[in-house]
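See below for the structure under consideration.
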Amino acid sequence: VQLVESGGGLVQAGGSLTLSCAGSGLVFDDYAIAWFRQAPGQEREGVAAISRKNNKKKYGYSAKGRFTISSGHAENTVLLRMTSLTPEDTAVYYCALEYFPGANNPTLREADYDHWGQGTQVTVSS
């Protein structure tokens, strides 16, 4: 499994970005993909997750109301639309994949995810 993130960059506070996670080499079609982020000196934080089979979604506290996770048009692609960005959203954003999520409910627990991308930097300037 290979996960490749794209779409990061520099944006002003109040702006928007859409991140993309493209998966390849997937063996099964029953999986969840989640976005995590890690700011310098901080622990990795779960942002949002989506289950492929039933499109269930889960959002972390910091994402609710501002971020939207969705399946992309391309196969095995997940998007994270981020709006109303603040400097506190500055971090490296990672996508991760879990096969056979329990009851098709995606989680934001790092330990549930076995496959990770390399990350994409998001910087929000004030």
Side-chain angles (χ1 to χ4, degrees):
V1 175
Q2 185 177 18
L3 301 173
V4 179
E5 303 96 336
S6 62
L10 175 64
V11 63
Q12 288 189 331
S16 302
L17 275 177
T18 297
L19 305 183
S20 176
C21 173
S24 61
L26 275 64
V27 178
F28 307 105
D29 64 358
D30 183 357
Y31 58 81
I33 284 183
W35 285 95
F36 293 83
R37 69 183 187 184
Q38 188 166 23
Q42 297 188 21
E43 293 186 355
R44 193 143 52 182
E45 170 193 11
V47 176
I50 186 168
S51 170
R52 183 189 184 280
K53 271 206 165 182
N54 57 11
N55 210 39
K56 280 187 179 179
K57 301 173 184 179
K58 184 176 182 65
Y59 291 96
Y61 178 79
S62 62
K64 287 181 180 177
R66 297 188 303 131
F67 296 0
T68 302
I69 191 169
S70 63
S71 296
H73 293 298
E75 189 175 6
N76 300 330
T77 298
V78 168
L79 305 178
L80 182 69
R81 174 69 174 167
M82 306 186 294
T83 64
S84 302
L85 288 163
T86 73
E88 288 68 38
D89 295 313
T90 295
V92 177
Y93 284 71
Y94 301 90
C95 67
L97 181 144
E98 174 195 15
Y99 278 126
F100 306 112
N104 286 313
N105 285 323
T107 76
L108 293 175
R109 291 188 297 265
E110 282 188 62
D112 289 342
Y113 292 86
D114 299 316
H115 306 281
W116 292 78
Q118 293 300 306
T120 185
Q121 176 71 46
V122 171
T123 303
V124 184
S125 63
S126 57

Smallest heavy-atom separation, L80 atom then A48 atom, equals CD1-CB, 4.1 Å

When rounded to the nearest 0.5 Å, the distance separating CD of E110 from CD of E45 is 10.5 Å

Heavy-atom count check: over 12 atoms from other residues, nucleotides or ligands less than 6.0 Å from Q118 CD? no

**Report entry** Min side-chain heavy-atom separation M82-V47 under 4.5 Å
**Finding:** no

With a sphere of 6.0 Å drawn around CZ of R109, does it hold more than 12 non-hydrogen atoms of other residues, nucleotides or ligands?
no

Heavy-atom nearest pair, A39 first then A91, reads N-CB, 3.8 Å

Original post:
Is the CD atom of E75 crowded by more than 12 outside heavy atoms at less than 6.0 Å?
Top reply: no

Quick one: are S71 and N55 in side-chain contact, heavy atoms under 4.5 Å? yes

Okay, side chain of Y93, backbone of G7: is any donor-acceptor separation there less than 3.5 Å? no

One should read off an interatomic distance between K58 NZ and L108 CG, to the nearest 0.5 angstrom, of 6.0 Å

Report task. Answer yes if the ring centres of W35 and F67 are under 6.0 angstrom apart, and no otherwise. Result -> no

Closest non-hydrogen contact found for K53 with D29 is CG-O, 4.2 Å

Handout entry: Backbone of V124 reached by a side-chain donor or acceptor of T90 within 3.5 Å
Key = yes

Q.
Would you say that S6 contacts S20 through its side chain, given a criterion of any heavy-atom pair below 4.5 Å between the two side chains?
A. yes

S126 and A13 have their tightest heavy-atom pair at CA-CB, 4.3 Å

Would you say I33 ends up clustered with V1 if hydrophobic residues are merged whenever their side chains have heavy atoms under 4.5 Å apart, either directly or through other cluster members? yes

Taking C95's backbone N and O only, do any of them form a donor-acceptor pair with E5's side chain (distance below 3.5 Å, no angle check)? yes

Hydrophobic cluster membership, with links at side-chain heavy-atom distances under 4.5 Å among I/L/V/M/F/W/Y: are L19 and Y31 in one? yes

(Q) When you group the ILVMFWY residues by side-chain heavy-atom contacts below 4.5 Å and let the links chain together, are F36 and L3 in the same group? (A) no

V78 side chain near R52 side chain, heavy-atom distance below 4.5 Å:
no

Which of D89, T86, T83 passes side-chain hydrogen bond (donor to acceptor under 3.5 Å, both in side chains) with R66? Answer is D89

Next item on the list: Answer yes or no: is there a donor N or O on one side and an acceptor on the other, between the side chain of K57 and the main chain of I69, under 3.5 Å?
Entry: yes

So Y99 and F28, would you call those rings parallel, tilted or perpendicular, with 30° and 60° as cut-offs?
perpendicular

In terms of hydrophobic clusters joined by side-chain contacts under 4.5 Å, are L26 and F100 together? yes

- Path from L97 to V27 over hydrophobic side-chain contacts below 4.5 Å: yes

For W116 and Y113 the tightest heavy-atom approach is NE1-O, 3.1 Å

Side-chain contact test, heavy atoms from C-beta onward, threshold under 4.5 Å: evaluate it for R37 versus S62 and give yes or no. yes

